[in-house]
4 protein chains.
Amino acid sequence: MSGNTFGRLFRLTTFGESHGVGLGGIVDGCPSGVPISEEMIQHELDRRRPGSGTGGTTRKEPDQVRLWSGVFEGQTTGTPIAFSIENTNQRSGDYGPLAEIWRPGHADMAYDAKYGIRDFRGGGRSSGRETVARVAGGAIARALLARSGIRIRAYTQELGGIVAPEASFASRDAAAGRPYCAPCDEIVEIWENRVRSVRGQGDTLGGVVRIEAFNVPAGLGEPVFDKLDAVLAMALMSVGAVKGVEVGDGFAAARSLGSQNNDALFPGGTALNPGNPSTNHCGGILGGISSGQPIVLTVAVKPIPSIAREQHSVDRNGQPVSLRVGGRHDICAIPRIVPVLEAMTALTLADALLLQRRMTRDGERA
Amino acid sequence: MSGNTFGRLFRLTTFGESHGVGLGGIVDGCPSGVPISEEMIQHELDRRRPGSGTGGTTRKEPDQVRLWSGVFEGQTTGTPIAFSIENTNQRSGDYGPLAEIWRPGHADMAYDAKYGIRDFRGGGRSSGRETVARVAGGAIARALLARSGIRIRAYTQELGGIVAPEASFASRDAAAGRPYCAPCDEIVEIWENRVRSVRGQGDTLGGVVRIEAFNVPAGLGEPVFDKLDAVLAMALMSVGAVKGVEVGDGFAAARSLGSQNNDALFPGGTALNPGNPSTNHCGGILGGISSGQPIVLTVAVKPIPSIAREQHSVDRNGQPVSLRVGGRHDICAIPRIVPVLEAMTALTLADALLLQRRMTRDGERA
Amino acid sequence: MSGNTFGRLFRLTTFGESHGVGLGGIVDGCPSGVPISEEMIQHELDRRRPGSGTGGTTRKEPDQVRLWSGVFEGQTTGTPIAFSIENTNQRSGDYGPLAEIWRPGHADMAYDAKYGIRDFRGGGRSSGRETVARVAGGAIARALLARSGIRIRAYTQELGGIVAPEASFASRDAAAGRPYCAPCDEIVEIWENRVRSVRGQGDTLGGVVRIEAFNVPAGLGEPVFDKLDAVLAMALMSVGAVKGVEVGDGFAAARSLGSQNNDALFPGGTALNPGNPSTNHCGGILGGISSGQPIVLTVAVKPIPSIAREQHSVDRNGQPVSLRVGGRHDICAIPRIVPVLEAMTALTLADALLLQRRMTRDGERA
Amino acid sequence: MSGNTFGRLFRLTTFGESHGVGLGGIVDGCPSGVPISEEMIQHELDRRRPGSGTGGTTRKEPDQVRLWSGVFEGQTTGTPIAFSIENTNQRSGDYGPLAEIWRPGHADMAYDAKYGIRDFRGGGRSSGRETVARVAGGAIARALLARSGIRIRAYTQELGGIVAPEASFASRDAAAGRPYCAPCDEIVEIWENRVRSVRGQGDTLGGVVRIEAFNVPAGLGEPVFDKLDAVLAMALMSVGAVKGVEVGDGFAAARSLGSQNNDALFPGGTALNPGNPSTNHCGGILGGISSGQPIVLTVAVKPIPSIAREQHSVDRNGQPVSLRVGGRHDICAIPRIVPVLEAMTALTLADALLLQRRMTRDGERA
């Protein structure tokens, strides 16, 4: 109810502040028998770490995960899986001056309005650092999904207003290995220059990320209110910097005609693809239920609000202040946000997969 | 869990198929003492009814609401408020031929994949007709919000690819009275022509709707996963034809610089507007919590998939069929979807408002 | 959240006041393909109706159920199943004088404290009449359970302080056909005399009911907090007059030694009875999980608080009043409460059964 | 859904196995501004620790709590409060021989039936050791309740079949300081002898505990299904050894007449006690809503199933085994279960208190 739990059957509850003792979470509802290890989780966490790319912060966060429970002899037991990541590099001294100031574009004012009290060190709970627990939970979801052959990937479509060229399926598959999770090699240097230039102006920038899920069986998602696309939209929009979500053609569908936007069906369907559609304008979801086609989601990521330029603001007492945010900040949430978006997609699909199992009777519809 | 309930403290559970006995719902969690009448609900339902506009269907649905419980002497008692709307004009004979066919762009295939059985009459539960219960529930939410001065409005920004010109605040306020919920008079005839032309081709079209909420106090919304924008995105994306949701500047924010996208703060804030910001790029939500500014949401509505043109499809047995959907269909979900989007916004805000009250102690932070 | 929904995957939400338009509910989460009819539900409702027994009221309630949705061609479709029962015999004039008075032992005072407003006609939402919707929902749960061979029965163990003699399994099976749901014929007249005598004094009485569930597979229930016995205790204690719940030996277990209370295990177990225990002190639940043995629950039912004797009380303004409750009241909640207790047990087990299905993978553990 | 979360607005999610890395939990939904410290939590944990009493185990568990988040400068911030307790004394070698054996009266068989895999070390998740996280969470709930003046206490009424004599209010208040949480000094030696004798036979015993809550305002609890007594029954029955729960007079009410069981109302009520009742047969709850009277609950605690006597059982393969459970076991769950029962009561009331705040408008009904 208070917003720190995601999911219905596969549930992740997270905790932790940017500069507190540490962060972590509990996954409750993962079925027994799923192979899980600290290494698997660590692998995903390492993807989220500040990289060597020009857009990254210089803060060092080893982000070492520790598993507390729910895994026995390498397998889940069906009991809650708790994990923690200690904050080892807190330097809260950096943030002292910001204790009383509301930073524009940040949640400082909103937290004060909501709670009347705020852990101001590095943004506290509102810091992007909370996503470390999403990624750890998502790693467990991915392990569950992998058993059903479901795979999730993401790449950056646009950075600082520069759209990447169309890239092949295989090239997009290699995005995780490129700077900015770029979908192809050609765009990397162009984006690099854009980032460098914006950084030079003390400014920050945003971008657009596409997430795809493959091998999702038809039938997942709960109409009416809990449509699969609705829950995915919530999952993705809950990530700090996200300001827009599209399913399939998204806003372009609003400009299409029905005859263009409908995906015609053809014979030859399979369990994964019952209607064997030739196109995928719908993004793999019809009436809120997965259709067996790949699920396609697009997300708008706003620029990071911590800029190194002078800004007008007020403090908690309403007095005008002028501030320039220093510190060890990213200038773009991309590419660090990419594994977070994948994690949220994985958590949503794992949950939908388990929910659909209630339909099974004696293996009939498994 | 099965998708027919929306909300946490202010909860709407709905039921009903397009051509069954009727539709309705239960609102559980509305506090006592809110004035409610069948007339108030009927007023909202009438806005959703097929209108005389060129885009509308010719099906007549009186949609007469009946209140069963939870209201005593004109006020809510705190117990569940049930309502029903009987289906009086079922003509299920119309749909007989579609029993075995999966219509492209519809949920037919997905429902069969999920449930293995389907009430095929008029789309059954997947019909847009289910939104009648959302609107009725939303009317109760609006009554609750009205006591706190919160007001919601919506208008169409774009139809069939044609964007409306900028309109004044007052002109947008009058949108509900114009065809297509147009934000100004000038665009109506242009859109009318566009609709007429597309209808003539047996095709359908979509559009873009903007929803705004005023007087929302700062502090609503639950970080981390249940951010106010995340829940709103889910609420809106759960409406049948919606394929994209933006908060504030949305995808445009992804192309902005941080210095452009941040809303500077100035002295002179009030409870409703603590930081007194001059701009509203964030759409009234910071860190998932309402900021006191107007909440601004934009939604992509896809074209209606029932087109009067020949389409390729398959039946339940995978055999190829060719179909042309006749019947009494709208060619655009706009404007009938507009009060539905308002209702979902109202339900979300009513729920967030009640949730925030848990922070109150002895009236301290009310 | 507001208390009118029961269950996690198999969810019943109910509505309705004693003297309002009617009562009813929505079952959401029943899988598709379960045979359901109005007749099945009506059969259970008729068991709850005021009977011809000496303990019953003289109020006539036809309690005709109407199904609105979720059932197509005799089978559930997976969409919400709504039902309603109209109040046809309201006579609210009877209750006028009680509008301002708090009846001892009733919820009048508590509702006023909670809601500040109250539908006083016949107790409104706090009337035992709300259980009609539980029984209807329970009938749907029973239909689901029947497919897995699970059967629930209940009988009265004690009435007005008089304990029934031990009865054979077959005799207890016939309880539903006897007055007071007596477990054997011998006790009926004795109880009848007790009831007659107490009624003659203008007083009321209570009793003890045992509920048993057979063929419940081992493995249902969710430790830690949602243990099967914990959820059953909640389900049963939520029925108006219930003041105590025991699982298995209950309070007698508190007086046993460990060596007496443990159920020894023996070879020869089956899927339904893995450890083949010889005794069932635990009541079919170990560590909150069903063991495969019959589930055994015992419930204390308090006397009906509406007595025809003079009582001291106060009105809403705190003024002393003296009242004698007339009207058409039962003098004992037994036997009408018995099908309600069965319904709550059925709802709990149906929910636990669906939840356990999430463990299934490709039919492996079905 | 998977049973490791308790509460609706004030939510505790726990994790941990008896012999894993550690145990802990997350409290989500505690409002901001509540004073919390590790010392407060440690104080409650120390009450649950194996004591020097004759009934206790000889295992040493320092149970040192660590707070990870949600508390800043000594106050809750409204964000999740995570805590952990490391297992420092695991000695899992003790349990090796039990890996394949199902212990009678334990959850071993049931866990295998449910999950197909089991952390057998010391009972894993089914060990009473999981209650350490309940007590820690309950300490936070108590801090919240204390701000509203609500106080919870408990004492043992009966041990090994020997009922304690009636004790004064003040004497019962001192129970926490006596062995076995005895309500008076006189009974201590008698119980001590009983325990000694049963231990000498290699056997174990149970008892009855009463829990009382004072200063609970009228109006808490959510009819119909989430009645305050229903949720309390679930909360208490979810504690491992509990087999029965009574509210107020409990099973004795089933033997009363209505005229005896009703609590007459008198003038002179206050906000805490609106009807000023002279008796409290109802146990402080009417119609599922707190009446302002003290809440009175009674709980049956079964004997500990680990006995040092030879028992028949089977192993996972269904082969007969004979076992005698050695190790460092308590012979009675009392008194260690007492703070656990208090904690569950505190968690339930904290949750109900926050839920009721949704009724507040502008402080009107606070």
Side-chain angles (χ1 to χ4, degrees), chain C residues 1-4 6 8 104-105 107 109-110 113-114 126 130 161 203-204 206-208 218-219 222-227 229-230 233-234 237-238 243-247 250-251 253-255 257-259 261-262 264-265 267 274-275 286-287 289 291 300 302-303 305 307 309 312-314 318 320, chain D residues 1-4 6 8 104-105 107 109-110 113-114 126 130 161 203-204 206-208 218-219 222-227 229-230 233-234 237-238 243-247 250-251 253-255 257-259 261-262 264-265 267 274-275 286-287 289 291 300 302-303 305 307 309 312-314 318 320:
Chain C
M1 291 303 118
S2 292
N4 298 287
F6 183 82
R8 291 152 299 182
M109 174 185 75
K114 182 171 194 69
S126 75
E130 58 88 358
D203 220 324
T204 60
V208 174
E222 303 299 322
V224 171
F225 296 113
D226 299 350
K227 289 191 167 80
D229 36 357
M234 179 176 171
M237 195 72 95
S238 79
K243 298 300 282 183
V245 177
E246 294 180 313
V247 179
F251 279 85
R255 285 134 204 164
L257 297 179
S259 60
N261 189 60
N262 283 349
L265 302 181
L286 283 169
I289 303 173
S291 67
K302 74 169 188 180
I307 60 176
R309 300 176 65 167
H312 291 292
S313 194
V314 293
Chain D
M1 290 304 118
S2 292
N4 298 287
F6 183 82
R8 293 154 296 183
M109 174 185 75
K114 182 171 194 70
S126 75
E130 57 89 358
D203 221 325
T204 59
V208 175
E222 304 300 321
V224 170
F225 296 113
D226 298 351
K227 289 190 167 82
D229 36 359
M234 178 175 173
M237 195 71 95
S238 79
K243 298 300 284 184
V245 178
E246 296 180 312
V247 179
F251 279 84
R255 286 133 204 166
L257 297 179
S259 60
N261 189 60
N262 283 350
L265 303 181
L286 284 169
I289 302 173
S291 68
K302 76 170 185 179
I307 60 176
R309 300 177 65 167
H312 292 291
S313 193
V314 293

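Chain letters run A, B, ... following the sequence lines, proteins first, then strands; residues in each count from 1.
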(request) May I ask you to name which of D:A253, D:S126, D:G287 has the most heavy-atom pairs under 4.5 Å with chain C? (result) D:A253
(request) Check each atom of C:M1 against the heavy atoms of chain D and say whether the ones under 4.5 Å are side chain, backbone, both or neither. (result) both
(request) State, with a plain yes or no, whether a side-chain heavy atom of D:P267 is found less than 4.5 Å away from one of C:V314. (result) yes
(message) If you count heavy-atom pairs within less than 4.5 Å of chain C, which of D:T204, D:N4, D:V224 leads?
(response) D:V224
(message) Give me the atom names and distance for the closest heavy-atom approach of D:L286 to C:A110.
(response) O-CB, 3.5 Å
(message) Using a 4.5 angstrom heavy-atom cutoff, name the option from D:M237, D:R8, D:R309 with the most pairs to chain C.
(response) D:M237
(message) If you count heavy-atom pairs within less than 4.5 Å of chain D, which of C:G318, C:S291, C:G250 leads?
(response) C:G250
(message) Only pairs of heavy atoms separated by less than 4.5 Å count here; which of D:E130, D:M234, D:K227 has the most with chain C?
(response) D:M234
(message) Only pairs of heavy atoms separated by less than 4.5 Å count here; which of C:D229, C:V247, C:D226, C:L265 has the most with chain D?
(response) C:L265
(request) Look up atom NZ in C:K302 and atom CG in D:L257, then write down how far apart they are to the nearest 0.5 Å. (result) 14.0 Å
(request) With a 4.5 Å cut-off on heavy-atom pairs, point out which of D:A107, D:G207, D:A233, D:A300 contacts chain C the most. (result) D:A300
(request) Evaluate the ring planes of D:F251 and C:F251, with Trp represented by its six-membered ring, and classify them as parallel (under 30°), tilted (30 to 60°) or perpendicular (over 60°). (result) perpendicular
(request) Output, in order, the C-alpha distance, side-chain angles, deciding distance and verdict of side chain to side chain contact (heavy atoms under 4.5 Å, CB included) for D:M109 and C:I289. (result) CA-CA 9 Å; D:M109 174 185 75; C:I289 303 173; over 6 Å; no
(request) Starting at CG of C:N262, measure out to NE2 of D:H312 and round the result to the nearest 0.5 Å. (result) 12.5 Å
(request) Go through the atoms of C:N261 and report whether side chain, backbone, both or neither lie under 4.5 Å from a heavy atom of chain D. (result) side chain
(request) Heavy-atom distances under 4.5 Å only: say whether C:K243 touches chain D with side chain, backbone, both or neither. (result) both
(request) Check whether C:D203 gets within reach of chain D through its side chain, its backbone, both or neither, counting any heavy atom under 4.5 Å. (result) side chain
(message) Please identify, among D:G219, D:G161, D:G206, the residue contributing the most non-hydrogen atom pairs under 4.5 Å to chain C.
(response) D:G219
(request) Rounded to the nearest 0.5 Å, what's the gap from CD on C:E222 to OG on D:S238? Could you check? (result) 13.5 Å
